[in-house]
Amino acid sequence: MYRLLVCALGLAGTVFGQSVDSYISTEGPMTKAGVLANIGPNGSKAAGASPGVVVASPSTSSPDYWYTWTRDSSLVFKSLIDQYTTGIDSTSSLRTLIDEFITAEAYIQTVSNPSGTLTTGGLGEPKFNVNETAFTGTWGRPQRDGPALRATAMITYGNWLYSNGNTTWVTSTLWPIVENDLGYVVSYWNESTYDLWEEVDSSSFFTTAVQHRALREGAMFATRIGQTSVVSSYTTQADNLLCFLQAKSYWNPTSGYITANTGGGRSGKDANTLLASIHTFDLSAGCDATTFQPCSDKALSNLKVYVDSFRSVYSINNGIASNAAIATGRYPEDTYQNGNPWYLTTFAVAEQLYDALNSWEAQGSLNVTSISLPFFQQFSSSIAVGTYSSTSSTYSTLISAVQSFADGFVAINAKYTPSDGSLAEQYSKSDGSPVSAVDLTWSYASALTAFEARNNTQFAGWGATGLTVPSTCSGNSGSTVAVTFNVDATTVYGENIYITGSVDALENWSPDNALLLSSANYPTWSITVNLPASTNVQYKYIRKYNGAVTWESDPNNSITTPASGSVTENDTWR
Ligand code: NOJ
Ligand code: NOJ
């Protein structure tokens with residue numbers, strides 16, 4: 001039905017939005033129901049899951065998603081907590097579910113697992129069995145976004161409870177759980193991680209962005225509830241994360257997009273970065289590019305480059321105008337389940353655009369910079385760099401074009417939503433039929449939040465307003481000292497040793513761009529690098545062999561450079 005409607009209206013052009021309205025009016029309630037069905041113990045598709053446990057999907061084979069992922073669960077509960085705390089859904093049944101989620105996650109934090117225990121890194125474990133026992137099979141671990149996302153969800157709830165008189169429970173019960181997660185972020189943010197797609201072991205923009213957000217709001221929350229002893233360490237590491245967010249291995253000024261991962265050997269165009277923008281949206285931060293707000297020039301440029309990378313890889317996108325909405329996926333090189341569009345990534349494009357529209361409306365103007373110019377030129381080839389006030393005709397023209405563009409992404413997902421309204425993980429790149437895990441909880445939650453953004457529903461900010469990149473970011477400026485790194489490492493023929501680390505001069509934890517050491521004095525490998533003076537620099541050696549990357553084991557190596565002169569570091573591969 002939607003398909004016919006969308007086609008007909010699509011041809012008529014101007015009333016495209018109508019079909020989106022009708023889709024949302026039926027799909028909206030189904031997405032909420034779809035989320036709730038996958039939460040134990042009473043969700044209709046979650047029988048056997050413990051109370052408050054979010055099952056990723058009821059699919060138990062090809063793929064088996066009958067697990068609870070910390071990332072998926074936290075994003076899902078963030079959307080439910082937003083609904084509860086803003087009064088969209090203030091039912092006691094939702095409150096019960098949220099309380100069960102807190103209890104479940106508090107327990108899961110204590111479950112020893114292949115990533116460690118509560119105090120030795122176990123919070124980075126990506127997924128657990130739905131009865132809250134550890135999953136011990138091989139997996140891409142650790143994934144360090146989970147604790148940050150979980151803290152963000154819980155802080156949102158905690159702030160609401162604190163405002164509503166439940167201060168004792170917040171300080172004595174909720175806070176210790178949040179503190180575990182934030183303590184994890186403080187200790188491990190500078191270590192490599194698997195990305196949110198569980199494939200690349202490096203640094204990852206989404207992870208860095210959500211870690212930054214969590215520590216920033218964690219510091220405010222701790223201050224508010226009187227837990228002041230942690231505040232300075234949260235703020236210090238939030239500042240370091242904000243530095244790292246600007247790293248040259250993420251934002252690519254030449255091509256105008258954010259490289260999603262410092263490793264992986266791909267283009268780096270990836271929904272990772274759009275998800276980072278929407279999950280760190282703070283309306284009061286305006287279009288600040290420091291935190292890649294949805295309407296910032298960098299995030300808009302990035303959106304265009306990301307979207308365009310899918311125009312020729314999915315045949316269902318054939319014949320669509322080069323400035324119109326299409327189906328998008330995780331990243332163009334994806335081969336998982338054959339590499340298809342995903343509902344949640346296509347909704348993320350719409351959501352970023354709706355967030356941007358809400359920001360422009362709130363600030364009463366829209367700014368076109370040389371960075372965002374190509375994004376806006378899609379809608380008006382003659383548009384020039386400048387600030388357009390909401391009373392100008394250029395503003396109106398651009399706003400309605402962006403609104404149609406945004407609605408177009410919802411309409412694409414609508415077109416490929418089966419008539420029963422169910423949302424799987426993916427849909428076929430060649431015929432649009434559902435693919436991979438059925439009833440993916442995260443797909444439903446992504447629809448819910450995109451629809452809310454379209455409605456300009458506003459949620460609490462997290463302190464993104466007015467943040468400035470600290471002048472103390474290591475490696476930014478100032479004098480350097482020559483550091484010679486020697487490492488003893490036995491290798492096989494064709495295998496090489498590289499170094500990467502926490503500063504620009506060491507390529508910001510990029511296995512892709514890591515610096516090759518010389519084997520002239522084998523088995524000692526050597527390189528001399530100019531590093532910022534008087535700075536703590538963390539680094540690791542990596543091996544590359546036939547394209548495969550092996551990192552040294554944790555923890556990072558660390559050196560504090562002198563104010564001047566030169567130094568030699570003698571290491572042994574670990
Ligand atoms: C399962 C992961 O969940 C998915 O993200 C990944 O693409 C595949 N394994 C292939 O590595
Ligand atoms: C695979 C996705 O790549 C990953 O992000 C997600 O957490 C799991 N599936 C579970 O939905």
Side-chain angles (χ1 to χ4, degrees), residues 31 34-35 37-39 43 45-46 49 53-79 105 108 115 124-130 135 137-150 153 193-202 204-207 209-210 260-261 263-266 270-276 278-279 328-348 422-427 429 434-448 547-549:
T31 61
V35 165
N38 291 349
I39 303 174
K45 295 184 174 171
V53 164
V54 179
V55 173
S57 151
S59 173
T60 53
S61 66
S62 311
D64 182 0
Y65 278 22
W66 190 245
Y67 297 98
T68 186
W69 270 262
T70 304
R71 169 181 39 263
D72 298 46
S73 308
S74 302
L75 290 171
V76 162
F77 262 97
K78 172 66 164 59
S79 72
E105 296 299 321
I108 285 174
S115 296
E125 182 69 3
K127 69 174 194 180
F128 292 81
N129 296 315
V130 303
F135 165 76
T138 308
W139 208 251
R141 59 168 67 89
Q143 296 176 21
R144 306 194 198 271
D145 55 337
L149 295 168
R150 184 163 57 197
T193 176
Y194 274 85
D195 70 321
L196 80 173
W197 308 136
E198 319 190 280
E199 295 171 337
V200 179
D201 183 13
S202 66
S204 189
F205 186 79
F206 176 83
T207 305
V210 301
N261 301 306
R266 306 171 185 154
D270 193 315
N272 170 317
T273 58
L274 283 79
L275 290 163
I278 64 176
H279 292 299
T328 69
R330 300 195 297 184
Y331 51 93
E333 303 90 345
D334 199 358
T335 57
Y336 178 49
Q337 306 276 341
N338 236 352
N340 293 293
W342 284 42
Y343 292 100
L344 76 90
T345 60
T346 307
F347 277 131
S422 63
L423 297 179
E425 180 184 73
Q426 315 178 19
Y427 46 94
K429 61 184 162 194
V435 175
S436 189
V438 294
D439 292 310
L440 188 82
T441 323
W442 189 1
S443 293
Y444 290 119
S446 74
L448 201 70
V549 170

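Each ligand, and each atom within it, is numbered from 1 in the order the structure gives. Model, not experiment: these values are computed from the prediction.
- Under the 3.5 Å distance criterion, the side-chain polar atoms of Ser436 are left unmatched by any main-chain donor or acceptor of Gln426.
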Run the side chain to side chain donor-acceptor pair (under 3.5 Å) test on Asn272 and Tyr331 for me, step by step, so that the C-alpha distance in whole Å, both residues' side-chain angles and the decisive distance to 0.1 Å come before the verdict. CA-CA 8 Å; Asn272 170 317; Tyr331 51 93; over 6 Å; no
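- Looking at Thr441 against ligand 2, nothing comes within 4.0 Å, counting heavy atoms.
- Given atom 4 (C) of ligand 2, the protein heavy atom at minimum distance is Leu196 O, 3.5 Å.
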Side chain to side chain contact (heavy atoms under 4.5 Å, CB included) for Tyr194 and Val200? Distances and angles first, verdict last. CA-CA 5 Å; Tyr194 274 85; Val200 179; 5.9 Å; no
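- Under the 6.0 Å cut-off for aromatic ring centres, Tyr343 and Tyr427 qualify, their centroids lying closer than that.
- The main-chain N or O of Ser61 is found under 3.5 Å from a side-chain atom of Ser59 such that the two form a donor-acceptor pair.
- In this structure, Arg330 fails the cation-pi test against Tyr336, since its NZ or CZ atom is not both closer than 6.0 Å to the six-membered ring centre and inside 45 degrees of the ring normal.
- From the protein, the heavy atom lying nearest to atom 7 (O) of ligand 1 is Glu199 OE2, 2.4 Å.
- At a 4.0 Å heavy-atom cut-off, ligand 2 touches Trp197 through backbone and side chain alike.
- In terms of protein heavy-atom proximity, atom 3 (O) of ligand 2 is closest to Arg330 NH1, 2.8 Å.
- Heavy-atom contacts of Glu198 reach the following atoms of ligand 1: 2 (C), 3 (O), 5 (O) (cutoff under 4.0 Å).
- Using a 4.0 Å cut-off between heavy atoms, Arg71 contacts ligand 2 through its side chain alone, with no backbone atom that close.
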Please determine whether side chain to side chain contact (heavy atoms under 4.5 Å, CB included) holds for the pair Lys127 and Thr68, giving the CA-CA distance in whole Å, both sets of side-chain angles, and the decisive distance to 0.1 Å. CA-CA 5 Å; Lys127 69 174 194 180; Thr68 186; over 6 Å; no
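- The aromatic ring centres of Trp342 and Trp197 sit less than 6.0 Å apart.
- Checked for salt-bridge contact, Glu105 and Arg150 meet the test: a charged N lies under 4.0 Å from a carboxylate O.
- If you number the atoms of ligand 2 from 1 as listed, the ones under 4.0 Å from a heavy atom of Leu440 come out as 11 (O).
- Using a 4.0 Å cut-off to heavy atoms of Trp442, the atoms of ligand 2 that qualify are 5 (O).
- Here the protein heavy atom with the shortest distance to atom 8 (C) of ligand 2 is Trp69 CE2, 3.7 Å.
- For ligand 1, none of its N or O atoms has an N or O atom of Tyr336 under 3.5 Å away.
- Here the protein heavy atom with the shortest distance to atom 10 (C) of ligand 2 is Asp72 OD2, 3.3 Å.
- Of all protein heavy atoms, the one closest to atom 9 (N) of ligand 2 is Tyr65 OH, 3.2 Å.
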